[in-house]
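Since the model is a prediction, treat every value here as computed from it, not as a measurement. Each chain gets a letter, A, B and so on, in the order its sequence line appears, and its residues count up from 1.
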Amino acid sequence: MNSESNVSSKPVFAILKERGALPNNTVAAHLITPGAPPKVVDLHTPVPEDSQLEALPATHPDALAVIRHSSAHVMADAVQRLFPGTKVAFGPATDNGFYYDYDKPGAPFTDDDLRAIEKKMGEIVAADQRFTREKVSPEQAREVLQKTNETYKLEHLERLVAAGEEISLYKHGEWVDLCEGPHVPSTRYLKAFQLTMVAGAYWRGVETNPMLQRIYGTAFADKKALEDYLKQLEEAKKRDHRKLGKELELMTFHPWAPASPFFLPRGAAIYNALIEYVRKLYVRFDYIEVITPQIFDRELFVTSGHLPAYAENMFLAASKENIENVCEHLAKVHEKEGGKLDAAEVEKALVEGIRFGVKPMNCPAHALMFGSTRRSYRELPMRVADFGRLHRFERSGVTQGMTRVRTFCQDDGHIFCALDQVQSEIESFVDLVYAVYKDFDFTEVRVVIATRPDVRIGADEIWDKSEKALIDGVEAKGLKYEIAPGEGAFYGPKIEFHLKDAIGRSWQLGTMQADFNMAERFDLSYVGVDNAQHRPVALHRAILGSIERFFGVLIEHVSGAFPTWLAPEQITLLTVSEKFDDHAKQVLKKLKAAGIRATADLSGDKLGAKIRIARNMRIPYRAVVGEKEVESGGLSLSSRDENKDLGMLSLDEVIAKLLHEGVPPSLRAS
RNA sequence: GCCCAGGUAGCUCAGAGGUAGAGCACCUCCUUGGUAAGGAGGAGGUCGCGAGUUCGAUUCUCGUCCUGGGCUCCA
């Protein structure tokens, strides 16, 4: 932006036009600098005449972001026309649309308001107002924003000035915004938009800041693309694990256990199959499984650092005796202080008097086990697995179906190893994770490295070492990754493996965390080859993450149609009439004896109805039992996945087929 | 926790200041039917919970719990 060129500058559209490279649907352009990612510029921005440029059609993803950002401006314009006195804050494009945050005096926006705003936006679009960019001095910007009393924008301006950023104003019609752009040439280019919802959002996302009203919208290059997107959203809703979980009788919830799933028999079958799958892997990957307590003396959590670094997320537990002791203590203080008690005193008494904590993580228990006896370097790396149930108090507004719950089980494990074993443990864990995700047909895995948070334990040198170990490990495997600054756990940085749900929200499932703190806090050691004491390193890791969350994401991934190896019912027998019930019962017995999860529909329904029910329940195989089957001793099989009739198969063939498909792909014989 | 929207039968949902309705599921009976819903009848609700306004509240008001969408946080 500040490169001095001796070539004269011209607006982008003029240059492209001269070169005959400006198609009709162009909304912006890429300014290409060798060795750097292309920069999106608007068509009226002057650039050096010899610039390398590429016209962006409306359908290009980068152009879409421009369209959406411009839509946000037009929405803000419409809002301020309809609701004078409303201030604007931030209004960016997002992955699926755009939003703008408003400080609106009086009542929040209603759905009717949204429709009115859309209508006003339509008028602004029809007026074909040009977007213009103006490079200004901080003083000029200040003057404009003070005149319009845009206090949020003024605050932001001062940050930009402090950071030494170039300041620009964008204008369409009479509406001005502090904005770096780029934008479409004119409002007429906004052909398909829709406002979707209102939500509260804190100014700058900080909870102590005032809450603003955020209006979300979406915009596309044309009406058809918008309709396709809305249709896709509808489809995604059908796959929602909360809806399917209810329909397929997988789980249920009760207000008396908020955010805590009950697994119904069918859900429990899948849940157990997932754990069985991981257990088999543990045999192959040299893990040892342990079972640890649920409730601990608070001393454990003081030692581990969970109190106070994680206290807000913990359930504390007390015996009746604990509470009586606290009450007695407080009663005495109350008497001595002449009837006065201050809140701090009460809190102190409570926190100290409530003796127990419910574990939110397994690691402290594993540390105790490691420390329970003298350890040798020969035992390392020691890979300790635990399917213990964890409880975390999640704030009421953040829980969500199965993907964010208050009680869950992780395929958790801690690897105690020597410093020089860290790298290879990280690398082999990455291999393990990818092998597992492949079995579930998850291909879009996002890798994030989360670094030190503000609230943390341990010295900065230790954090430097931990973060480097993770980055080295991921790079050694040649994986692409993003850095999430400040997102690490309080005891160490994390590699996170993210997968998307039906609605496109990204969830962390697998994780590996390097922890140089825990061994220190629990004073863990092992005897080395040199006969001296050494500190082990602890690696926290989970593959599926929490079984609950993984289950939720998996339901959506397969739309409730679980592969045969996970399906709660692998095959169901459908009798043509009651006359064949006895035969069906015999076949059922044989299937079950062979280890197949089979059921039979002996209801009075007609065959067509039974088929419909079985299909709706997404059962992998349906077998019809009638006259022909009784005579031949076989089964007429049809497949959910191939969606076709497989014809008459002998019972042995059916059993062989189901046993084969009954194991995860990576464990099958052939 | 904060902002917004919800909570009516097991499920999906309609309804309205005068003590509730549909479809599916469930129960009984008829039908014994060969590849996506055969028929008839029946039972089932303190309209999330608690207060207030009212002659009367499931409907209006307030509080509370739960769910959903965001903000924020995490597996």
| task | Could you check A/Lys246 against A/Glu496 and say which one's nearest nucleotide on RNA chain B is further toward the 5' end? | result |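 With A/Lys246 and A/Glu496 compared, the 5'-side residue is A/Lys246.
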
Under 4.0 Å between any heavy atoms, over every strand shown, what does [X] touch: base, sugar-phosphate, or nothing? Just pick one.
{"X": "A/Glu627", "result": "base"}
{"X": "A/Val405", "result": "base"}
{"X": "A/Met211", "result": "base"}
{"X": "A/Gly626", "result": "base"}
{"X": "A/Phe109", "result": "nothing"}
{"X": "A/Glu548", "result": "nothing"}

Item checked: Close residues, residues 447-456 of chain A, relative to RNA chain B [heavy-atom separation under 4.0 Å] ->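 The stretch gives none, as no residue of it lies under 4.0 Å from the strand.
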
Expected output is a numbered-order residue list: members of residues 572-584 of chain A with a heavy atom under 4.0 Å from any atom of RNA chain B. What is it?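 Of all residues in residues 572-584 of chain A, the ones placing a heavy atom under 4.0 Å from RNA chain B are A/Val576, A/Ser577, A/Glu578, A/Lys579.
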
List, with names and distances, any nitrogen or oxygen atoms from the protein found under 3.5 Å away from nitrogen or oxygen atoms belonging to nucleotides 63-67 of chain B.
| residue | atom | partner | partner atom | Å |
| --- | --- | --- | --- | --- |
| B/U67 | OP1 | A/Ala259 | N | 3.1 |

Would you please say whether a donor-acceptor pair under 3.5 Å links the side chains of [X] and [Y]?
{"X": "A/Asn313", "Y": "A/Arg406", "result": "no"}
{"X": "A/Lys644", "Y": "A/Ser638", "result": "no"}
{"X": "A/Asp641", "Y": "A/Ser639", "result": "no"}

Could you give the distance separating [M] and [N] at their [atom1] atoms, to the nearest angstrom?
{"N": "B/A57", "M": "B/A20", "atom1": "C1'", "answer": "14 Å"}
{"N": "B/G68", "M": "B/G50", "atom1": "C1'", "answer": "24 Å"}
{"N": "B/C27", "M": "B/C49", "atom1": "P", "answer": "27 Å"}
{"N": "B/G63", "M": "B/G15", "atom1": "C1'", "answer": "26 Å"}
{"N": "B/G23", "M": "B/U64", "atom1": "P", "answer": "39 Å"}

* Candidate pair A/Thr196 and A/Gln194, rule side-chain hydrogen bond (donor to acceptor under 3.5 Å, both in side chains), full reasoning -> CA-CA 6 Å; A/Thr196 50; A/Gln194 185 171 338; over 6 Å; no

Per-residue pairing states of RNA chain B in dot-bracket (Watson-Crick or G-U under 3.5 Å; . unpaired, | other strand) read ((((((((.[[[[.)..(..]]]].(((((.......))))).....[[[[[..)....]]]]])))))))....

query = So A/Tyr100 and A/Ile215, side chain to side chain contact (heavy atoms under 4.5 Å, CB included) or not? Walk me through it.
reply = CA-CA 6 Å; A/Tyr100 219 120; A/Ile215 300 180; 6.0 Å; no

| query | Can you check ring pair (Phe, Tyr, Trp, His ring centres under 6.0 Å) on A/Tyr102 and A/Phe109, steps first, answer last? | reply | CA-CA 10 Å; A/Tyr102 305 97; A/Phe109 296 103; 5.6 Å; yes

Let's see if you can work this out: which of B/C4, B/G69, B/G1 has an atom nearest to the side-chain heavy atoms of A/Glu207?
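Comparing B/C4, B/G69, B/G1 against the side chain of A/Glu207, the answer is B/G1.
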
Check: protein-nucleotides 35-46 of chain B nitrogen or oxygen pairs below 3.5 Å:
| residue | atom | partner | partner atom | Å |
| --- | --- | --- | --- | --- |
| B/A36 | N7 | A/Arg615 | NE | 2.9 |
| B/A36 | N7 | A/Arg615 | NH1 | 3.1 |
| B/A36 | N7 | A/Arg615 | NH2 | 3.4 |
| B/A36 | N6 | A/Arg615 | NE | 2.9 |
| B/A36 | N6 | A/Arg615 | NH2 | 2.9 |
| B/A37 | N7 | A/Arg612 | NE | 3.4 |
| B/A37 | N7 | A/Arg612 | NH1 | 3.2 |
| B/A37 | N6 | A/Arg612 | NH2 | 2.4 |
| B/A37 | N1 | A/Arg612 | NH2 | 2.9 |

Is the A/Phe98-A/His69 ring centre distance short of 6.0 angstrom?
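That pair fails the under 6.0 Å test.
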
Checking A/Ala199 now: which residues fulfil side-chain contact (heavy atoms from CB on, under 4.5 Å) with it, not counting sequence neighbours?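 If we apply the side-chain contact (heavy atoms from CB on, under 4.5 Å) test to A/Ala199, skipping adjacent residues, the hits are A/Tyr216.
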
Open item on the list: Can you give me the closest heavy-atom contact between A/Thr451 and A/Ile483, atom names plus distance?
Closed with: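 Closest approach of A/Thr451 to A/Ile483: CG2-CG2, 4.0 Å.
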
Determine yes or no for a side-chain-to-main-chain donor-acceptor pair under 3.5 angstrom, with A/Trp463 supplying the side chain and A/Tyr491 the backbone.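 No: the side chain of A/Trp463 does not pair with the backbone of A/Tyr491.
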
Next on the checklist: Can you tell me if A/Gln400 touches the phosphate of B/G69, counting only side-chain N or O atoms and a distance under 4.0 Å to OP1 or OP2?
Outcome noted: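 It does, given that an N or O in the side chain of A/Gln400 lies less than 4.0 Å from OP1 or OP2 of B/G69.
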
Output yes when at least one side-chain N/O atom of A/Tyr216 is less than 4.0 Å from OP1 or OP2 of B/C71, else no.
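The answer is yes; a side-chain N or O of A/Tyr216 sits under 4.0 Å from OP1 or OP2.
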
Does the side chain of A/Arg389 come within less than 4.5 Å of A/Thr407's, by heavy atoms?
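Sidechains of A/Arg389 and A/Thr407: in contact.
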
Open item on the list: With a 4.0 Å cut-off on N to O distance, would you call A/Asp605 and A/Lys610 a salt bridge?
Closed with: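 The answer is no: the pair does not qualify as a salt bridge.
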
- prompt: Taking 4.0 angstrom as the limit, do A/Lys238 and A/Glu235 come out as a salt bridge?
  reply: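 Answer for the salt bridge query: yes.
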
